[in-house]
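Throughout, protein chains are lettered first and strands after them, A, B, ... in sequence-line order, and every chain is numbered starting at 1.
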Amino acid sequence: MTERVKQNSAKEEFYFRILELVSKIPKGKVTTYKNLAIAGGKPRSSRLVGWILNKSPLGLPCHRVVNRNGELTGKFAFGDSQMMKKLLESEGIEFDSKERVNLTKHLWIF
DNA sequence: TTTATGACTTTGC
DNA sequence: AGCAAAGCCATAA
């Protein structure tokens with residue numbers, strides 16, 4: 001056997017790293033795609049974070065991941081956008097009049 | 001391989 | 001402040 005030891009590719013590492021980070025978001029806090037992308041080592045891959053969440057296993061608190069404006073861009077994946085908002089509210093997260101999370105108070109920084 | 005698409009972000013007007 | 005266009009990176013066809 002040659003030495004073709006195939007380690008995890010960079011994208012797989014990125015994938016699992018994001019999953020772990022999201023699962024570590026404390027209750028009552030939210031984070032952004034950009035933040036996750038940076039923490040994962042790819043500051044320009046915020047779109048990939050969204051893709052990962054879409055393909056990620058259920059049970060992940062992906063409702064705590066919002067875009068830079070605090071908007072629930074992934075609400076459609078929950079089937080009911082109001083449900084996602086209620087989930088966050090039940091965790092103590094506040095919204096402004098535009099359905100946006102108060103990032104000043106609840107943004108989670110790694 | 002090339003093209004189109006997306007749970008995004010940044011920049012310019 | 002809000003909208004449009006460009007930039008980025010990986011996947012699907």
Joint cluster assignment, [X] & [Y], ILVMFWY side-chain distance < 4.5 Å:
X     : Y      : answer
A:M84 : A:L60  : no
A:L19 : A:F110 : yes
A:V65 : A:Y15  : yes
A:I18 : A:I109 : no
A:L72 : A:L53  : no

Practice prompt. Hunt down any stem DNA chain C takes part in, defined as 3 or more consecutive Watson-Crick or G-U pairs whose two distances are each under 3.5 Å.
Written response: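 The stems are B:2-6 with C:9-13, B:8-13 with C:2-7.
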Worksheet entry | Working for side chain to side chain contact (heavy atoms under 4.5 Å, CB included), residues A:L103 and A:V66 | CA-CA 10 Å; A:L103 292 177; A:V66 299; 4.1 Å; yes
Determine all donor-acceptor pairs shorter than 3.5 Å in which one atom belongs to a side chain in residues 33-51 of chain A; sequence neighbours excluded.
from: A:Y33; atom 1: OH; to: A:T73; atom 2: OG1; distance (Å): 3.4

Worksheet item: Base, sugar-phosphate alone, or nothing: which one does A:N67 contact when heavy atoms must sit under 4.0 Å apart?
Response: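 Sugar-phosphate, backbone atoms only, no base.
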Worksheet item: Where does the chain A footprint on DNA chain B start and end, counting 5' to 3' with a 4.0 Å heavy-atom cut-off?
Response: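 So the outermost contacting nucleotides come out as B:dG6 to B:dT10.
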Worksheet item: Are A:L87 and A:P61 close enough that some pair of their side-chain heavy atoms sits under 4.5 Å apart?
Response: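 No, every pair of side-chain atoms sits at 4.5 Å or beyond.
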Discussion item. I'd like to check A:H63 versus A:L88 (side-chain heavy atoms, cut-off strictly below 4.5 Å). Are they in contact?
Written reply: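 Yes - at least one pair of side-chain heavy atoms lies under 4.5 Å apart.
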So which protein N/O to nucleotides 8-13 of chain C N/O distances come out below 3.5 Å?
from: C:dC8; atom 1: N3; to: A:R47; atom 2: NH1; distance (Å): 3.2

Item to complete: Go through the structure and list residues passing salt bridge (charged side-chain N to carboxylate O under 4.0 Å, His left out) with A:E91, not counting sequence neighbours.
Response: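 Checked A:E91 against salt bridge (charged side-chain N to carboxylate O under 4.0 Å, His left out); matches are A:R64.
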Item to complete: Drop me the distance from A:I52's CD1 to A:R17's CZ, to the nearest 0.5 angstrom.
Response: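 Going from the CD1 atom of A:I52 to the CZ atom of A:R17 covers 10.5 Å.
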Discussion item. As a quick check of understanding, evaluate side chain to side chain contact (heavy atoms under 4.5 Å, CB included) for A:V101 and A:F95, giving each step before the final call.
Written reply: CA-CA 5 Å; A:V101 175; A:F95 285 78; 3.8 Å; yes
Protein N or O to nucleotides 1-3 of chain C N or O, pairs below 3.5 Å:
from: C:dG2; atom 1: OP1; to: A:K98; atom 2: NZ; distance (Å): 3.0

Worksheet item: If you find the nucleotide of DNA chain C closest to A:R68 and the one closest to A:S46, which residue's nucleotide is nearer the 5' end?
Response: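 Checking each residue's closest nucleotide, the 5'-ward one belongs to A:R68.
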Worksheet item: Short question: side chain of A:H106, backbone of A:E94 - any donor-acceptor pair under 3.5 Å?
Response: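 The answer is yes, because a donor-acceptor pair under 3.5 Å joins these two groups.
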